[in-house]
Structure formats: C-alpha cells, structure tokens
There are 2 protein chains.
Amino acid sequence: MILEYILLAMLREPKTGYTLKNEFDQGERHFWSAELSQIYPALQRMEKRGWLKSTLEPSDKGPERRVYSRTKAGAKALSKWLRSDPIVGMERFAYIAQLIYMDQLDDLDVTLRFLKKLRDLLADKLELLSSAETAMAALPGFPNKLNNEDFHGRLSLRMGVLSLSAKVQWCDESIQRVSARLAKERKYA
Amino acid sequence: MILEYILLAMLREPKTGYTLKNEFDQGERHFWSAELSQIYPALQRMEKRGWLKSTLEPSDKGPERRVYSRTKAGAKALSKWLRSDPIVGMERFAYIAQLIYMDQLDDLDVTLRFLKKLRDLLADKLELLSSAETAMAALPGFPNKLNNEDFHGRLSLRMGVLSLSAKVQWCDESIQRVSARLAKERKYA
DNA sequence: CCACGCATGTAATAGGTTACATGATTTA
DNA sequence: TAAATCATGTAACCTATTACATGCGTGG
C-alpha cells in the first residue's frame, strides 16, 4: 500500500496524523495527497504491524496529540520499498477523456473554450510549483552544495514543473490548431 | 462517475462490454483503463438508469453477446458531461514518492539506478504513443483534412506524447545531475 | 457568541483490482 | 488435448472521498 510507505517516509521525525495531513495540503507533497480519514486508520494499522509506535502528548490547544515514530521494523520496511523498482501506474486523465469524445458535439467552439479553461487551470498549478522551485533556488549553497534531502526534493519538483509546462504548451498548441480549423470551417460555411 | 461517461462516449456505435474492454487494452485509450469486472456492472447500472438499452445477439464463438446502445437520455447525459468544465484531479506519482524520500537511504547509487530504470519504463510507454502518432500521420488528408473525430484524437495523442517526452527528458537531466554529484562525492571521499 | 484552528476519530459510499466461476469454439 | 480467444458475470478485497461526531482554546 503506497500511502503507508509515504507516511512512513514522512515520519523521518515523529509527527501526528494531523501534521502529516498539513504537509500534504501545504503543497509540499505535489505528487500525492490524502484525507485525515485515510491517514488515521493507516497509522493505526502500521502501529499494529509494528512499523510505528505512538505516545500521547499534551497539546496547547485542543485534545492530546498522538505522536507516531518509526520503529526499526518500520525503517527496514521503508528501506526495502525505496530500493524496489519504480512504480509506474496507469495515469488517468479525465480531461483527455472529455476532449477526445468532444467531436461528438460537433461544435469546435466548445472544444476551444474547453482548452482555454484547461490551460488556465494547468497554468495555475504550474505557478505553484514554479514558485516553489524559485524558493528552492534561494537555498544556501544552491545548486552545488545542497544536502541530500534538498537535492532529491529539487529533482522531484523539477519533474512537476517540466511535466506541467509540457501540458500548458500542449494547450497553447492545441488552441492554435482548433482556432485555425475553426477559421477554415467558417470560410467554407 | 467518470468511467460511466467514458463508456457512454465510447458507445458511439452499439458495442458489448467485452469489446469496450478490448478498446481500452488496445492502447487506443491511453488516458484511461478499466477491468471487465468494473465495466459489466457499470453498463448494467446505466441500463437501469435509462442511459443504455441492450439486446442479446448470437455469437459465432462463445456465449451470446449483450450489445448496448445509447438511448436519447444517454446521449443527453453525455452531451452535458462533455460541456462541463475540465476535470483536473490530483495526479498521483508513486515513483516521485519513492524518489523524494530516497535521500534517507543516503546512497546515490540507488537513486541513479532508479532513475535509469524509470527512464526505460517511460521511454517504452512513449514509444507506444509515438508510433500511434506516426500511424495517425499516415491518415488520408493529414493534417489539414482530418474529420472531427480524428482531429480530436490527434490532439489527445499529442498531449500524451508531449507529457511523456517531458518526463523522459527530465529523467535524462536528473541522471546527469546525480552522476555529477556522485562524481564529486567520490572525489572528496 | 461564533468562527476558526487544533486534534482525534468513525461510517457510509464510491471507485478500482484480483480472484473466482462458467462454458463454447478455435488453433497449435 | 491443451491453450487461447470469445463472452458473461459475481465476490472479496483494497483504496479513497465525503460526511458525520466530538470537543478544547483563541481571537474577533
């Protein structure tokens, strides 16, 4: 189960479920997300399995915090997972499904509006990642003296930026193509 | 439910569940996939809802085929979905999760091997889409006189090609960076 | 006093994969 | 005769989202 390994890896230092959720939301983890209702039971399962142990600590605000930390068994399981082959799953793009069947509407104006909206949505996402990348470039010793953690973080951020850039460019290219086709359609109408 | 709308859209002409599954597998549908155990119940649900109707037809080989076709209500539901805003969900990249936490192994050789393997996996996928794109370029009247269906198909294929190319390029760039870091590490060791 | 952030959880539902069950026809 | 393809389906399980339930402390 991938989420369990991600949580395990995020528990480099002891943390609560609530904290882990915040790290997902803060956009630090652009490649995955999870809800609290998924995180809490996962942590409980892992503790039962012996990968984590937890202690209750008082909180300034609100109820007691259950702080989880990795056990040796947990660290071993993580190490094994990190050494396994890359997990490349089927990616599912709902917006491509919409686009590919849009010909059935027989209305290129709809396609054009769709692509423009999509472009904006993807560009917004890209901007988030780009600014994170810019922030990283301000790190002390960038890029030659990054520590191992930041070095790996940089690689992963860059993948998000390049992949989203390619999609935004594809939107622009597609908008051009649809516009051209639309213009020709009108000329012969 | 996205799958239901995709099946609805694929039923441009009447088809069986088995046929729909084949279309997913043939790689024609690079943006989505589904198992028969998901397709059959989905078709049944849609028939109950009045989006599809089915008839039993004899088959040359094997059991009778249940052929589904869209009703007017189904066509209307599809049209509404196609006209809705682009569905941009959270993409989940398990291999980026592996990569980003790999610093905890403190062994750049593992990272390097990982990226090389990933590069090969992604390049294989890219090749599939690229050859589909090449095949499309051999279509009569390409690119200026494509019909609407092929035009939309081309746009969607191109997105797959560009997005995967970006990822392969990112792998290459990352392999370079890791190699350089590794070389420096050894020099000062 | 109410909304918001902190903090924990459960329940219901939806979406998806793997395994199981059945049986005909064709091809090696 | 064994495997592959055609063709339908169900059951069990895993993964993920949305909704529900509870309650403290702080700031407006």
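Numbered from 1 within each chain, the chains take letters A, B, ... in sequence-line order.
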(message) Using heavy-atom distances to pick each residue's nearest nucleotide on DNA chain D, tell me which of B/Gln38 and A/Leu3 is more 5'.
(response) B/Gln38

(message) At 4.0 Å (heavy atoms only), tell me whether A/Ile2 reaches a base, stays on the sugar-phosphate, or touches nothing.
(response) nothing

(request) With heavy atoms under 4.0 Å as the rule, sort B/Ser37 into base, sugar-phosphate or nothing. (result) base

(message) I need the B/Arg158 CZ to B/Ser165 OG distance, nearest 0.5 Å.
(response) 8.0 Å

(message) What's the closest nucleotide to the side chain of B/Trp32 if the choices are D/dA16, C/dG16, D/dC6?
(response) C/dG16

(request) Say whether, by atom type as modelled, one donor and one acceptor occur between the side chain of B/Ser179 and the main chain of B/Ile175 under 3.5 angstrom. (result) yes

(message) Looking only at the side chain of A/Tyr18 (C-beta and beyond, no hydrogens), which of the listed nucleotides C/dA7, D/dA7, C/dG9 gets closest?
(response) C/dA7

(request) Identify whether NZ of Lys or CZ of Arg in A/Arg92 sits under 6.0 Å from the centre of the six-membered ring of B/Phe31 and within 45° of that ring's axis. (result) no

(message) Closer than 4.0 angstrom, basic N to acidic O: yes or no for B/Glu4 and B/Arg49?
(response) yes

(message) Counting only heavy atoms and a strict 4.0 angstrom limit, can you tell me which residues of residues 87-98 of chain A come near DNA chain C?
(response) A/Arg92

(message) Taking B/Glu149 first and then B/Arg12, would you say they form a salt bridge - that is, a charged N and a carboxylate O separated by under 4.0 Å?
(response) yes

(message) Quick one: does any side-chain atom of B/Lys21 pair with a main-chain N or O of B/Ala34 as donor and acceptor, under 3.5 Å?
(response) yes

(request) Examine distances only and state if a side-chain atom of A/Ser163 and a backbone atom of A/Gly160 form a donor-acceptor pair shorter than 3.5 Å. (result) no

(message) Near DNA chain C, counting only heavy atoms under 4.0 Å, which residues of residues 42-58 of chain B show up?
(response) none

(message) Does a side-chain N or O of A/Tyr40 approach OP1 or OP2 of C/dG9 to a distance below 4.0 Å, or not?
(response) no

(message) Whether the side chain of B/Ser59 and the base of C/dT25 hold a donor-acceptor pair under 3.5 Å is what I'd like checked.
(response) no

(message) Parallel, tilted or perpendicular, judged at 30° and 60°: which one describes the rings of B/Trp51 and B/Tyr5?
(response) tilted

(request) Compare the minimum distances between each of D/dA7, D/dT26, D/dG23 and the side chain of A/Lys61, then state the nucleotide with the smallest one. (result) D/dT26

(request) Would you kindly compare B/Asp60 and A/Asp60 by the position of their nearest DNA chain D nucleotide and give the one closer to the 5′ end? (result) B/Asp60

(message) What I want to find out is whether A/Lys167 reaches B/Glu91 closely enough, with some N-O distance under 4.0 Å, to be called a salt bridge.
(response) yes

